[in-house]
Amino acid sequence: MLLHIPQVLTPTEVADIRQALALEGWVDGLLSTGPQAARVKRNQQLDPASPAFAPLSQRIAQALNRHPMFVSAVLPHTMLPPMFNRYECGGHYGNHIDNTIQTHRVNAQKVRTDVSTTVFLSSPDEYEGGELIAEDSYGTHEIKLDAGDAIVYPSTSLHRVEPVTRGMRVASFLWAQSLVRDAWRRAMLFDLDMTILKLRHQLGDAAEVVALTGHYHKLLQQWAET
Ligand code: NI
């Protein structure tokens, strides 16, 4: 399931973060990459050791965690700190699959990457190219979202970022280990949760709505790993 999550950040928050990022030191994206991905990657990343990194990264994480759609779709167990990247002058990232296990750089915890998230920080009219292309069981998808919007997709998806031929594409990205490892089960729970929300809106706390909510929690109880 590829899920578009609108308005994770307000335009003011995007502008603030962009301004702070513009002042920072960027390093070659190859520094954070395994050997297969390194052959196809050409971009820059904000150095996680730079003083601005932690507060900016936390702002992105907090914004995602307060968005009910993100929480319902990802069911986060552990989130790695959001990172920042930028592409310009033909920069791109060829087809790859994200590393399945990543090490948290602060506490050295091993985190299984179930869900990948990209938060767009440039608006589409600022750059040409730079589409995120991701494959899932329904085919190939081309993603280019408004600044402040996010896309969530299974970390096992083959994906790439097309060359940026004009302007600059700035984004934040992160990985999360989900309470529910299986992408199909996560999608089922998400659909059920969203349907219950709509029913509750129409029917209030009718007995059937409460029963379905109970069903959701029983499934989560069966499938969640903590
Ligand atoms: Ni990737």
Side-chain angles (χ1 to χ4, degrees), residues 1-5 8 17 21 26-48 53 56-57 60-61 63-64 70 73-105 109-122 124 127 129-145 147-165 168-178 181-183 186-187:
M1 179 179 68
L2 274 78
L3 183 70
H4 172 193
I5 302 181
V8 170
I17 292 168
L21 286 173
W26 292 76
V27 295
D28 195 315
L30 293 180
L31 295 175
S32 67
T33 306
Q36 186 276 325
R39 284 197 291 276
V40 294
K41 186 176 187 184
R42 193 146 76 79
N43 70 359
Q44 292 184 305
Q45 279 174 209
L46 181 63
D47 184 356
F53 179 86
L56 290 170
S57 181
I60 302 285
L64 288 165
F70 177 84
V74 177
L75 296 167
H77 175 282
T78 308
M79 279 166 65
L80 286 161
M83 313 262 283
F84 298 90
N85 62 15
R86 66 183 192 186
Y87 297 79
E88 59 184 336
C89 306
H92 60 273
Y93 195 166
N95 268 334
H96 66 281
I97 289 172
D98 298 336
N99 283 342
T100 314
I101 305 291
Q102 309 247 8
T103 305
H104 194 299
R105 63 179 298 280
Q109 187 186 357
K110 299 283 184 200
V111 177
R112 190 186 66 229
T113 58
D114 297 318
V115 184
S116 300
T117 301
T118 297
V119 182
F120 287 75
L121 296 173
S122 302
Y127 61 100
E131 296 83 2
L132 172 67
I133 311 285
E135 290 178 13
D136 69 4
S137 45
Y138 300 103
T140 301
H141 307 270
E142 190 175 297
I143 302 133
K144 190 172 190 173
L145 302 178
D149 286 13
I151 187 87
V152 162
Y153 54 99
S155 300
T156 48
S157 320
L158 186 67
H159 58 276
R160 66 178 183 272
V161 175
E162 295 285 69
V164 171
T165 54
M168 187 192 284
R169 175 199 196 268
V170 184
S172 178
F173 64 99
L174 66 141
W175 295 281
Q177 178 171 326
S178 177
R181 175 196 303 244
D182 182 78
R186 279 198 309 275

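Counting from 1, the numbers follow the sequence of the chain as shown. All ligand and atom numbering here is 1-based and tracks the order in the structure.
The closest side-chain heavy-atom distance from Arg86 to Ser122 is not below 4.5 Å.
For the residue pair Asp149/His4, the side-chain donor-acceptor check at 3.5 Å is satisfied. There is no side-chain donor-acceptor pair under 3.5 Å between Asn43 and Tyr93.
Trp175 places no side-chain N or O within 3.5 Å of a backbone atom of Pro82 that could act as its donor or acceptor partner. The closest donor-acceptor contact from the side chain of Ser178 to the backbone of Leu75 lies under 3.5 Å.
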| task | Go through the steps for Glu142 and Lys144 under the test salt bridge (charged side-chain N to carboxylate O under 4.0 Å, His left out), then give the verdict. | result | CA-CA 7 Å; Glu142 190 175 297; Lys144 190 172 190 173; over 6 Å; no
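Each protein N, O or S atom less than 2.8 Å from the Ni ion (ligand 1) was counted, giving 3.
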